[in-house]
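Heads up: the structure comes next, in structure tokens.
We name chains A, B, ... by the order of the sequence lines, and we start the count at 1 in each one.
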Amino acid sequence: MTENPVPSNFIQEAILDDLKNGRFDHVLTRFPPEPNGYLHIGHAKAICITFGLAEANGGKYNLRFDDTNPVKEDVEYVESIKEDIRWLGFDWEDREFFASDYFEQLYQWAEKLILKGKAYVDDLSPDEIREYRGTLTEPGRNSPYRDRSVDENLDLFRRMRAREFPNGSRVLRAKIDMASGNINLRDPVMYRILHSTHHRTGDQWCIYPMYDYAHGQSDSIEGVTHSLCDIAYEIHRPLYDWFLDELEIFHPRQIEFSRLNVTYTILSKRFLKQLVEKGLVLGWDDPRMPTLSGMRRRGYPVEAVRDFIDRVGVAKNESVADISLLEHCVRENLNRTALRVMGVLNPLKVIITNYPEGQVEQLEAINNPEDPAAGTRTVPFSGELYIEQEDFREVPPPKYFRLAPGREVRLRYGYFIKCEEVVKDEQGNVVELRCTYDPATRGGYAPDGRKVQGTLHWVSAAQAVDAEVRMYNRLFLTSDPDNVEEGKTYLDNINPDSLKVLSGCKVEPSLVNAVIGARFQFERQGYFSIDPDSQPGKPVFNLIVELRDTWNKIQGKK
RNA sequence: UGGGGCAUGGUGCAAUGGCAGCACACCAGACUUUGGAUCUGUGGAUCUUGGUUCGAAUCCAGGUGCCCCAGCCA
């Protein structure tokens, strides 16, 4: 977890400076999502930085929905966004705002700019506006409507509001500089006509403010001191400042930091939406998704997600965080907190030939070796068990420590068993092992000091609970999925094996009534959580993350 | 001579003129009733050229590379 509650980064330094030199005497930040999609791990970084910095400096933070484009937004998203932020552990109390609440004020300020001769109504078509804007290397040209009189502008703008004109027929533009090297300053559009029902204001408006015009003013209305945002808005800052200065209203400070990228995933709302809509995943909360709802469903502890964000840091470099760091954070958390259990994913039947017929013993097992307070439980042992198919090899390769004909291994918390006979079906598949056990090794200790190389997990057949286990793998095959050759897209990099559903799994009986969301370590395999799809007596597990596997590594080298 | 931003091990982040450090990853070993965890150890970085300075990752100048901007999206 975070050792140092006060973050040390360039934004914190800037805040401290502002406090010290009197630019501000308190700190108020805001997170401004547009409700047009679900939050992902990249947003989590923005939220933790934005809200975390406010907390660290004794300030408050607002949640403000940037809902200025009715055609893309929906209440479904505002609900999910709130749930995700709460999950992250932040409480914005009563400071929940919507840019749409400011539409009237924004409109009045627009009239003010018209009156000042700083804004005008333009009749150019969208195509013409683009033409007049010029290019990256050539300056733009003034619109023929640029020098309309204040009265005419005012009249036209009011009639825009009064629904007199169709979509796309006119816009309100700021009058700045069509020759500016910064294209954002080439008379940016402030209002466009959109005859469209807004999810909150309904049909009250048919003109909607653009981001650049709405954002800074919304910050100002709320008294935000530090408006932290994506590096992409850095070149918008002159415009952000321009509106505030021209309007002569409270002037927050915008500071930009670089967004988070993560290897083997894609963090773009557009792409994530595509995955959902094309049915390539089961929904926004599919456990393979980098969305917060997906991670939550998968079973990632929120503490681990936060820890990851802290470790990734804050800077302006374009950076790509290694997914293995996230996985490390998850494992580190779960190693401390998850109860250990035994579950067999791909069962292979084992008959203990010398075990007393019909006998069942209750053996004691440790719940979490990292946490003595977690105590112990009992697991039933009998003459008919399941072990993992992978834990038996008829012809064991070098360094394979598990079961093989004639070899003795330990069953965890159980007995030493020795494989005496291999039973196969007509196709030659191993279907059953016949073994003997050493009654003197109860609990897994040999009184004669005899060693075995392997310890296997197992489940007693009669008491086993049937379970479905969903094994997840990276959604993408390449570390930078969007980096594709001509003619291909990130969709070509999708991993066809990102989900494998195992249906005949056998888990120990203590798991029969595990609650949704509970997390366990299946010993020697990985961490798993109970999926909401679980039914009473029929648990469904999600693989959260596998245990580190050095045997796998050894094999991979060959 | 469009404008803006960024360059530190494989990855991410520190070092704010004074011994380039931390984490993840990687590799080797110890230990182990989870091939988990834990512990120990190895290797590996300041984009480049010049300048200032006793001393430069840090300051200055030039160069190079990468990212962003031409929505009536945010």
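- Counting atom types as modelled, A/Glu318 pairs no side-chain N or O with a base atom of B/G12 as donor and acceptor under 3.5 Å.
- A distance of about 7 Å separates the P atoms of B/U46 and B/G9, rounded to the whole Å.
- Within 4.0 Å (heavy atoms only), A/Tyr445 reaches at least one base atom of the nucleic acid.
- A/Arg412 comes within 4.0 angstrom of a base, heavy atoms only.
- Nearest-nucleotide positions on RNA chain B for A/Thr550 and A/Thr137 put A/Thr137 closer to the 5' end.
- Note on A/Ser125: a base of the nucleic acid sits closer than 4.0 angstrom, heavy atoms only.
- Comparing A/Leu124 and A/Thr441 by the nucleotide of RNA chain B whose heavy atom lies nearest to each, the residue mapping closer to the 5' end is A/Thr441.
- The base-pairing partner of B/U8, taking Watson-Crick or G-U wobble contacts with both distances under 3.5 Å, does not exist among the strands shown.
- Residue contacts for A/Val171: at a heavy-atom cut-off of 4.0 Å it reaches a base atom on one of the strands shown.
- For B/U34, its base sits under 3.5 Å from the side chain of A/Gln521 at one donor and acceptor pair at least.
- A donor and an acceptor atom sit less than 3.5 Å apart, one in the side chain of A/Arg402 and one in the base of B/G35.
- Taking atom P on both nucleotides, B/A57 is separated from B/A20 by 8 Å, rounded to a whole Å.
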